[in-house]
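Working notes, beginning with the structure itself.
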Amino acid sequence: MRGARTLPPARAEGSVKILAVCGMGLGSGLLLRMQAEKALRQLGVEADLEVADIGSARAFAQTADLIITSQELAEQLGSVKPRVVTISNFVDLKEMVEKLRAALARS
Amino acid sequence: MTPKVPPTSAPPDQRRLSLSSLLPVSAIRLEVRAADWREAVRACGEALVAAGITTPAYTVQMIATVEQLGPYLVIAPGIALAHARPSAAVLRPGLSWVTLAQPVRFGHKDNDPVTLVVGLAAPDDYSHIQALATLAGLLEDAPPRAALLALQTPADVLAAIVAFEQTHTTDTPQGAG
C-alpha cells in the first residue's frame, strides 16, 4: 500500500476510497457520507467511505481517491492529491449521484 | 496524527436513535424573529437549552463554529445545520428545530437565505446518524419540505416527523462503509 501512487480504477475490483470532509466530523460530513453511500449504491460502485474534519483532512487525503465536501471547505482545504467534489445541496441525492458519477468516470 | 474513529465503530443499538426521539417538542420553535445569523443560531441554542439538551455554553460554541469555519453549515437551500464539537456543554444527544419569521443570510454562495436552522448536539460522532438520515429524507424534496415548514405548531411538526419515520423505516444507514 505504502508508496503506491497510482489511483485504483473506479470500477475495478478494488474499491474507491472516498473521504467526506466537514468542519467537525460529525454533522454535515456524516450527512455527506450517508448520502454518498446511497448514491454509490445507485451507481453500483464499491467504495470505502470515511469522515474527517477539516483539521485532519489533509492527512487523510494522502490515501483517498476522492474527496467530497462543500465549496467553502474545499477552499480551506486547498490543494490536495485526490479529486475534490463539491456538494452544494447535501440533502439532494440527485446532485450527489451526478457529481460522483462524473468524478468516478474521470478517475 | 491519530485517525478519527469512523462512525462504523458505533454499537448497532446506538445508531438507531430516531429523529423524533432526539427532537423534543420543547426544542421546536416556529416563526422566530432573528435579525441575523447570530440571532438565528442563538435561538437554536436556546431551544436546545430549554429542552435540557445543552448548557448555554454550547450556543456560544455553535456561533464560534460559524465564525471560524464559515457558512458551510448551510447544507441545503434555506437550511442550516448548526452544531459544535462534542463537549461538556452537551448534556445528552438532541436536536432543535427553529424556523425564522424572516430569512437570514449566513454568507453562503448557493444556499442563502436560511429559513430553517436545525441545531445538533452530539456527545459523539455516531449516535445521531439515524436522525441525520431522517432529516435528509424529510428535507430532500421541495413539496414535502414546504409543507413541513408551513406547519403552525411544534406538535404538528413532530407529528409529521413521526409519520415520516413510520413510512420510511427501511432507509437505515449502513454501518459498513
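Both backbone and side-chain heavy atoms feed into the values below; hydrogens, waters and symmetry mates do not. A note on names: the letters A, B, ... follow the listed sequences, proteins ahead of strands, and every chain is numbered from 1.
Judged purely by distance below 3.5 Å, without hydrogens or angles, the side chains of A:Q76 and A:E72 never pair a donor atom with an acceptor atom.
Both the backbone and the side chain of B:I75 come within less than 4.5 Å of a heavy atom in chain A. Of the atoms belonging to B:L132, heavy atoms from both backbone and side chain fall under 4.5 Å from chain A. Both the backbone and the side chain of A:L93 come within contact range of chain B, each with at least one heavy atom under 4.5 Å from a heavy atom of that chain. When heavy atoms are compared at a cutoff of 4.5 Å, B:A82 does not approach chain A at all.
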For side-chain hydrogen bond (donor to acceptor under 3.5 Å, both in side chains), just list the numbers for A:S88 and A:E95, CA-CA rounded to whole Å, side-chain angles, deciding distance to a tenth of an Å, and then say yes or no. CA-CA 8 Å; A:S88 171; A:E95 179 183 348; 4.7 Å; no
Verify side-chain hydrogen bond (donor to acceptor under 3.5 Å, both in side chains) between B:Q130 and B:S18, making sure each step is shown before the conclusion. CA-CA 6 Å; B:Q130 178 64 57; B:S18 67; over 6 Å; no
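The residue among B:T65, B:N111, B:L139, B:L120 with the most heavy atom pairs within less than 4.5 Å of chain A is B:N111. Among A:L40, A:L31, A:I18, the residue making the largest number of heavy-atom pairs under 4.5 Å with chain B is A:L31.
Residues A:E98 and A:R101 are paired through a salt bridge, judged by an N-O separation under 4.0 Å between the basic side chain and the carboxylate. Between B:R85 and A:D53 there is a salt bridge, since at least one side-chain N of the basic residue sits less than 4.0 Å from a carboxylate O of the acidic one.
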